[in-house]
Number of protein chains: 2
Amino acid sequence: MNKSEVPDEVINRLYIYARCLEGFREEGKKSFSSDDIADRLNIKSTLVRKDFSYIGTMGKRGVGYDTEEVLKEVNQIAFPIKERKVALIGVGKLGSALLNFYGFKTQGFKIALAFDKDRRKIGSEIRGIKIDDINNFKKRVKKEGIKIAIIAVPSEEVVNVIKEIKNSCIEAVLNFTPSYLSSLNNCSNDFIIRNIDLSSELARLSYYLSEKESTKRN
Amino acid sequence: MNKSEVPDEVINRLYIYARCLEGFREEGKKSFSSDDIADRLNIKSTLVRKDFSYIGTMGKRGVGYDTEEVLKEVNQIAFPIKERKVALIGVGKLGSALLNFYGFKTQGFKIALAFDKDRRKIGSEIRGIKIDDINNFKKRVKKEGIKIAIIAVPSEEVVNVIKEIKNSCIEAVLNFTPSYLSSLNNCSNDFIIRNIDLSSELARLSYYLSEKESTKRN
DNA sequence: GTAGATTTGTTATTATAATCACAAAGTGAG
DNA sequence: CTCACTTTGTGATTATAATAACAAATCTAC
Ligand SMILES: NC(=O)c1ccc[n+]([C@@H]2O[C@H](COP(=O)([O-])OP(=O)(O)OC[C@H]3O[C@@H](n4cnc5c(N)ncnc54)[C@H](O)[C@@H]3O)[C@@H](O)[C@H]2O)c1
Ligand SMILES: NC(=O)c1ccc[n+]([C@@H]2O[C@H](COP(=O)([O-])OP(=O)(O)OC[C@H]3O[C@@H](n4cnc5c(N)ncnc54)[C@H](O)[C@@H]3O)[C@@H](O)[C@H]2O)c1
């Protein structure tokens, strides 16, 4: 079963299914029907079944799906790698929070290297990770074989950081600065990017709120 | 022009266009063509023009679009409100970073209230915001007329927090815990939700990386 | 002012995704 | 074993989104 035949929309939902199934597990729900999951996620059960069929997941007619079995299959695609090392660029307020976050580990990620340009930060240590000079980025990242970088620097610095990254073996970027780095579809030619723009997320909520209000009036 | 006629896909891109136009502005680019913006975002220029036509944005044939003009129109939809107050629940590592973040203000958002359940944190102050007891949530939020809440508590606490929120006047939620709260389409009946799952974001990058490698091999 | 080069706005077309509809498979009671 | 009830898996259908195609408008240079 070739992954690339699975549409991106389906892949995106996989992560959501995974969280939902973890919920089932915690609740001690050993099996579930496509309706169970659909109800919780406010989607149609046919969509769930079709998505599952893409990844080859099998249920039993008249019965449903086995929670553990599906979770295992979904995770195999969604979180396939045991430990993937990533590099953090910018150990400020947000970067420190990320560096201190335990949750990544359980999902198979480890911030193995952290970089900053602030002399006062370079050399200090957070949770066993020594903050390194951004000038050593290329060298260090190559040595560790890291392919994913997280950008958490002020937006005016993003240009410099991108230069550094382009010049390195990094192939994918998680960008927290509010400057969309190329590509809506998250794939530029240089590297794969996902942009996380928290102000825009708030604004979206705000937009839906006003929309709700305006439809209520009509 | 009724907002609700504009497809969500277009609205989502609006935020991306906004950032791109800010980039043009910073570069001193007074006007642009649909191709300019399309090239930068790795999309087709017809899509840009069609999106713009949805929101009534007008360019000049043979010339292009005026940066300031379009930015103003896009922002009017994407970031319409001068100052929208939001409440933060959970002032831990991530919550503190958010509370300390200046960037929200420039986009029209202000974390006006912050709540925690930790006795040691309650009463202390960050950037002029006094951390309040989560038990006062309903009362305080109502008094301030706040409709948006940010959840940044450990995932096992999310159930309790949701109870509190359901019981209040909150209508929209930005959720950072890795437990998708209903609704893929970000709209449950109770309130509007956007989930931000950073581990999944990393995993998606990781997925695309392995996909890239596997297609290279074939 | 006209020709040729640009660039928009929009209709027509194609591609993609979601939903419907239903046969097939399984369960359980009597 | 049979009937009534569940629930899956998937081909057919519908809905939605993206792209292509091109006329209409504007600009520049001569
Ligand atoms: N703090 C938040 O909660 C939050 C929320 C949303 C978005 N963001 C975004 O995340 C980014 C970081 O925010 P923050 O609040 O952590 O900022 P910050 O100022 O606290 O930290 C930025 C860090 O990046 C370092 N840095 C600057 N230039 C660098 C370079 N060229 N190479 C390496 N390191 C460099 C600085 O020394 C600093 O330590 C910003 O773009 C911001 O818009 C932050
Ligand atoms: N730290 C990160 O960088 C990061 C990254 C990704 C996701 N997250 C997610 O964000 C959430 C918070 O992470 P964190 O690292 O800030 O955790 P944290 O433990 O540092 O902070 C959690 C805070 O929530 C408070 N809290 C707990 N229960 C509460 C309740 N019922 N009401 C009000 N406050 C309550 C705690 O007292 C604590 O101050 C987690 O769900 C985590 O998975 C964090």
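Note on naming: letters A, B, ... go to the chains in the order of the sequence lines (proteins, then strands), and numbering restarts at 1 for each one. Hydrogens, waters and symmetry mates play no part in the numbers below; they use all other heavy atoms, side chains included. Keep in mind that this is a model prediction, so the values were computed, not measured.
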Would you mind telling me which of dA23(C), dT8(C), dA17(D) lies closest to the side-chain atoms of E9(B)?
-> dA17(D)
Would you classify S33(A) as touching base, sugar-phosphate or nothing, given that sugar-phosphate means primed atoms plus P, OP1 and OP2, and contacts are heavy atoms under 4.0 Å?
-> sugar-phosphate
Taking CD1 from I55(A) and P from dT10(D), how many angstroms apart are they, rounded to a whole number?
-> 13 Å
Would you mind telling me which of dT19(C), dT19(D), dT27(C) lies closest to the side-chain atoms of K44(B)?
-> dT19(D)
T46(B) has its side chain closest, among dA23(D), dG9(D), dA20(D), to dA20(D)
For S34(B), report the nucleic acid contact type (base, sugar-phosphate, nothing); a contact means any heavy atom under 4.0 Å.
-> sugar-phosphate
Please state whether the base of dT10(D) and the side chain of K50(A) form at least one donor-acceptor pair under 3.5 Å?
-> no
With sugar-phosphate meaning primed atoms plus P, OP1 and OP2, does F52(B) contact a base, only sugar-phosphate, or nothing at under 4.0 Å between heavy atoms?
-> nothing
Expressed in angstrom and rounded to an integer, what is the separation of D66(B) atom CG from dC27(D) atom C1'?
-> 17 Å
Expected output: side-chain T106(B) to main-chain Y102(B) donor-acceptor under 3.5 Å = no
Distance in angstrom units between M58(B) CE and dA25(D) C1', rounded = 13 Å
Can you say whether the rings of F32(A) and Y65(A) are parallel (under 30°), tilted (30 to 60°) or perpendicular (over 60°)?
-> parallel
So which one's nearest nucleotide on DNA chain D is more toward 5', R49(B) or F32(A)?
-> F32(A)
D36(A) CG to dT6(D) P: how many Å, rounded?
-> 14 Å
Judged by atom type as modelled, is there a donor-acceptor pair below 3.5 Å linking the side chain of D36(B) to the main-chain atoms of S33(B)?
-> yes
Taken to the nearest whole Å, CG/D8(A) to C1'/dA17(C) is 13 Å
Specify the separation, in whole Å, of atom CG of D35(A) and atom P of dT19(C).
-> 13 Å
Do Y207(B) and F79(A) make the cut of ring centroids closer than 6.0 angstrom?
-> no
Could you tell me the separation between the CG atom of N12(A) and the C1' atom of dT16(C), rounded to a whole number of Å?
-> 15 Å
Phosphate contact (dA5(C) OP1 or OP2) by R61(B) side-chain N/O below 4.0 Å = no
Is any side-chain nitrogen or oxygen of Y65(B) closer than 4.0 Å to OP1 or OP2 of dG9(C)?
-> yes
Any chance the rings of F52(B) and Y17(B) have centres within less than 6.0 Å?
-> yes
Note: for K60(A) and G62(B) on DNA chain C, the residue whose nearest nucleotide lies more 5' is G62(B)
E5(A) CD - dA17(C) P separation (whole Å) | 14 Å
